[in-house]
Each structure stands twice: as C-alpha cells, then as structure tokens.
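Here is the structure we will look at.
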Amino acid sequence: MDTQTLKSASSQYLMNTYGERALCLVRGKGSRVWDADGKEYLDFLAGISVNNLGHCHPAIVRAIREQSKVLIHCSNLYMILPQIELAKTLVEHSFAKKCFFANSGTEANEGAIKLARLYSRNKYGEGRYEIVSMNQSFHGRTMGSLSATGQEKVQKGFEPLLEGFRFGEFNDINSVRQLISDKTCAVILEPVQGEGGVIPATKEFLKEIRSLCDEKDLVLILDEIQCGLGRIGTNFAYEYYEILPDVVTLAKALGGGVPIGAILARAPFSDVFSPGKHAHTFGGNPLASAAALAYVTELFDKNIASRAAETGRYLMTQLQDLAARYDFIKEVRGLGLMLALVLNHPAEQLYKRCMSKGLLVNCTCEKIIRLLPPLTITKEDCDEATGILESALSEEKRE
Ligand SMILES: Cc1ncc(COP(=O)(O)O)c(C=O)c1O
C-alpha cells in the first residue's frame, strides 16, 4: 500500500489523536528509516528518544527473537527470569536498590506517585499527599501523570484532575520552596524537560531540590523517561547532575522499542510497596524484559552514553554554527544528544521541509525543533543532518 492509500485507511479506522500524519514508516536500519513509498530518511528523532541504538540493532533483534522462541508472556504471578536479570543489571549500575516494571512512561510515573503517597502515609498518616511538580513539565497522559503535568493544553477537557498537585517554576528554588507545606510528600521533575522545550535543569537547582527534599523528608522523583538511559551523555541523568534521587522513572529507550517502563528506588523507598499495592498484567513480561536487558547491557558495556556525549558536542557546535548564520534561530540548547533549535517564529514549516528533504526531527512548543537521534549516530550522520537543516533553513522566510 502506498502512503496515500494508507492515509485514507488511517483516517477511516483510527481515532484522530495524532492529527495528520504525513508518513508511514515501514522499515528501519541504524539511523535510517524508509517509508511506504520507499523513500529514505535520516532519523534524528528515534521514535522520540526510544530507538537509542538505532533501528533493528542486532542485540535487540537477537534478544526478541530468542525470547519469543521460549516464553513471550506468563504473568507476574510467576517469577520471570529476564525480569530478574534486568532488575539486577539496573540495580548494579545505578543508585537503586530495587525496581518495579510497568509498560510505559505514564504508568511508571503513576506508580511513582502512588509510591510517594504511600511512603508518606505509612510514616506520617493521612493528609500528607501533595506533590510539587514544575510548570512546563510533561509526565504522561493517564490521570495521575496528567495531573502532575504542568501544561494546561494537555489537561484541558479532562477535569477534574487528581487533587494534590502544585506547580513551581523550573530552575527557581524559591518558587518551589513556597509550595512546600505539611501536606507535601514529594517533588517530581524532569532533569531535562523534553516536551516542555528541551530545557535542562541547572546543577544548582537540582542540588537545592535535593537539600529541600532531605530537609522536609520529601520523596525526590526524577522523571528520566526522555532524558535518561544515555540520552544526555551519562547512563542516568542524575549522574550528570551529581545528585542522588530517591526514585527514578524510566521508559522510552529502555526496551529498545519494545514497550516497558520502570520505577527504580533506593532504600527505604524500595520497600514501600507490599503485595497487592501495585501491579500490571504485562509489566516487565519476558519479551519486554529480554529486549530491555539487551538495551541496558549494550548501554553499560559499550560506553554508549559517553559516545552520545561526544557526538552531542559535535552536533551542538554544528547547530551553533547554523544559529550564527540565521538570526531567526534564537537559541541552541540541550545536553548530549537531546538538543533543540529555538526559533523566533513557528517551526512547523521548517520541520516539514526537513522531512521532505529526508530528515526526521520534531517540532515542540510551536517554535522549537527538537533533535533526539539514536545515540549511535556517526559524525557523518551529523554532517548530513546539518546539511539538510541548512538547506531547509535557507528557504525559511525571515521575520
Ligand atoms: C518526560 C516524560 N515523561 C513521561 C512521558 C510519558 O511516556 P509514555 O508516552 O510512554 O506514557 C513522556 C513521553 O513523552 C516523557 O517525555
């Protein structure tokens, strides 16, 4: 089926939650993908920070193939071998003492919200349930994570939201401090805000947040769903920030493209849940866990994060060169391979032009071009991507 036929079938049979989608991708290899008409693209979005090893990486393909031959699913009523191995690997390479597995980012955050409330309830009793989140944050679309999200545009129409979320200004410790009361039990934030426009926290802010949480016995939840697992140049984002979180949520890249989410926690937060308090049918099932084990093994054993840091520096310099030549680029920002061009006018045309020239990027917050390429891209891929960007930028109408 060609793209036109797929478009009409898509609008006939699928709920319109994603708006008009120009492409149907049918194949991928490394940093390249191909659409239904056979056209090739350089993928600088990686499924929104999911395909961190590129498409169809042999280690992921092998893990899925081998696991699917022996056991795809069995339920968490039984111990799951690759799930235990995955948890062990994550614990041995992180701050965490124990893990819990979900299916997606939003579910990982739902679980973290429950964990924080239960920790507080067990220790302090009723009434200490508020969670401080950040304006411009994004934590997911299910009701708890949606309520924790600091963007009205995604919440509109779904009120009443879950009670007990308050919003501070990102990178402004005083605005957060003001919201803390004897009702507060946790702080949740993304070390680098993704959907909110690729905004890194400052190291100082995260250190102050850590001290505030220590002072008030608040659970510090870092949502590393988009910025974790190598993306910003360290295995975990908290390592870059040189702080120890209490809870970290992961998803996206974790399964190498197979859906899985995770909650990592250090003691005593790792022992808050008791039997019956939280569960999923699919969370960390054999197939997803095997794929995730393959991803984290590559990440930890092959220095993927430091490679991302190095390539990220190279790409950042190239983007800064572009910004120096096009005055409608207001700013280039980000960390590692989580980068953005901030324009002073809507970026939709630029994003579409990049696509038609064979480069996949993303447009967020209307004026921002977000780049989240596979962490395995080469400098030649960066040269090619910036070449396409340059050609698209040169056609951009100046304001
Ligand atoms: C930081 C962050 N948290 C949570 C989510 C939600 O993840 P999912 O779409 O897997 O539910 C996202 C998705 O973009 C995200 O970027």
Side-chain angles (χ1 to χ4, degrees), residues 15 17-19 45-52 100-116 131 133-151 153-155 158 161-162 165 167 170-171 186-201 206 209 220-232 236-238 240-241 245 247-264 280 282-285 288 291-292 295 334-340 361-365 368 370-373:
M15 291 188 194
T17 54
Y18 299 102
L45 190 56
I48 321 185
S49 199
V50 169
N51 304 106
N52 279 11
F100 171 87
F101 295 104
N103 306 288
S104 63
T106 199
E107 278 185 358
N109 285 333
E110 291 288 336
I113 291 165
K114 285 177 70 177
L115 189 156
I131 298 182
S133 177
M134 301 297 137
N135 285 323
Q136 284 291 108
S137 60
F138 185 84
H139 298 295
R141 304 274 188 167
T142 51
M143 287 310 285
S145 302
L146 187 68
S147 305
T149 290
Q151 299 191 48
K153 67 175 189 224
V154 296
Q155 295 173 328
F158 302 110
L161 299 170
L162 195 64
F165 289 89
F167 296 90
F170 197 54
N171 284 334
V187 173
I188 183 168
L189 58 84
E190 298 153 85
V192 183
Q193 289 191 333
E195 306 301 309
V198 187
I199 306 171
L206 281 203
I209 289 279
L220 176 53
I221 305 166
L222 294 186
D223 176 342
E224 296 202 12
I225 287 163
Q226 189 167 143
C227 65
L229 295 170
R231 174 61 53 193
I232 66 165
F236 296 93
Y238 71 80
Y240 171 83
Y241 284 97
V247 171
V248 163
T249 53
L250 302 171
K252 287 193 181 281
L254 182 59
V258 179
I260 183 168
I263 304 172
L264 275 56
H280 296 296
F282 290 115
N285 90 351
Y295 177 70
L335 290 172
L337 282 172
M338 184 169 183
L339 297 171
V361 290
N362 165 252
C363 172
T364 185
C365 298
I368 296 175
R370 179 171 45 163
L371 298 102
L372 298 163

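Both ligands and their constituent atoms are indexed starting at 1 by order of listing. All values derive from a computational prediction rather than experimental measurement.
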If the condition is side chain to side chain contact (heavy atoms under 4.5 Å, CB included), which residues does Ser137 pass it with, not counting sequence neighbours?
Ser133, Met134, His139, Glu190, Gln193
For Gln151, give me all partners under side chain to side chain contact (heavy atoms under 4.5 Å, CB included), at least two apart in sequence or on another chain.
Phe138, Thr149, Lys153, Val154, Glu195
Do Glu224 and Leu250 have side chains that approach each other closer than 4.5 Å (heavy atoms only, starting at C-beta)?
yes
Partner residues of Asn285 under the side chain to side chain donor-acceptor pair (under 3.5 Å) criterion, sequence neighbours left out
His73
Look up atom CG in Leu189 and atom CG in Asn171, then write down how far apart they are to the nearest 0.5 Å.
9.5 Å
Proximal protein residues to ligand 1, non-hydrogen atoms under 4.0 angstrom:
Ser104, Gly105, Thr106, Asn109, Phe138, His139, Gly140, Glu190, Glu195, Asp223, Ile225, Gln226, Lys252
Heavy-atom side-chain contact between Leu161 and Met143 under 4.5 Å
yes
